[in-house]
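Let me begin by presenting the structure, written as structure tokens, before commenting on it.
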Amino acid sequence: MQSEADSKPLKYKTLWISDIHLGSSGAQADELLRFLRQVEAERIFLVGDIIDLWALRRRPHWPRSHMEVVRHLLARAADGVQITYIPGNHDHAMRCYSGQNFGQIRVEQRALHVTADGRRLLIMHGDEFDGIIHKLPWLAHIGDILYDGLRALNRKPAGTSPDKKNLHAKTFSAKAKHRAKKVVHFLSGFENRIAQTCAQARAHGIVCGHSHHAEIRRCGDFLYCNDGDWVESRTALVEHLNGQLELLHWPALETEKGNNTERKSRLLTDAS
Ligand SMILES: [Mn+2]
């Protein structure tokens, strides 16, 4: 049985989540709802691919849990949490609403966030750095269909092996996606583009989604943070009240909260 301390929400200054892919069969909406109910943040950034318009066009899928995620976020915004929605490539149609509000949720193409310790972070979905999306969009769509097929083949029940190693001990589909993206990144000068974009925005670093690969690392002189996804890895990036950044792995966090065990879900911080 959970003690009262275990059920207390975790408090953060900022929360970044992306690549939820609501509207696709891969979206782990129930897990995301459980995570959101355990986390409080003053500010939330939705870093793109929140609603998967590509998947909805191929095969509409909209169970109640997907609607509940949307409702939960709208309710939080109505309660005073500042929420910014930065559309990605799967929800690119939302980009034309930049500067407008949906309920209390602000839509922007990109955003700048200053951490409690004074670092300027540029927030973008990340497809802007993906050469394939812009030069060969048809190949990106084929890649997406292949990824969906691979994921369906090796789908594991949610919540398995919630240990620290598991995040990057990925399923075959996640590995294939990550390798393909690495090649694309190499060919398209991904790191150079990030460095240029950060320099232009006078930012100390960047927060992206898109690759479905959570990480915090240096990229030249800049900090590169990727908040992962809610299709496979179920990860989020958070900023603590002192400005420290940390990646959370929800399956590990949920197990720890249930068992009251020592935290191992701290995957990576910007100090590590
Ligand atoms: Mn994307």
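For ligands, and for the atoms within them, numbers begin at 1 and follow the listed sequence.
Metal site remark for the Mn ion (ligand 1): H125 contributes an N, O or S atom at a distance under 2.8 Å. The Mn ion (ligand 1) has D49 among its coordinating residues (N/O/S atom, backbone or side chain, under 2.8 Å).
Only one option out of R193, R110, R95 pairs with E128 in a salt bridge (Lys or Arg N to Asp or Glu O under 4.0 Å); it is R95.
Centred on the Mn ion (ligand 1), the ND1 atom of H210 and the OD1 atom of N89 lie at an angle of 90°, reported to 10°.
A salt bridge links R217 with E191: the closest approach of a Lys/Arg side-chain nitrogen to an acidic carboxylate oxygen falls below 4.0 angstrom.
Between F102 and Y97, the distance separating the two ring centers is shorter than 6.0 angstrom.
V238 places none of its side-chain heavy atoms less than 4.5 Å from the side chain of L245.
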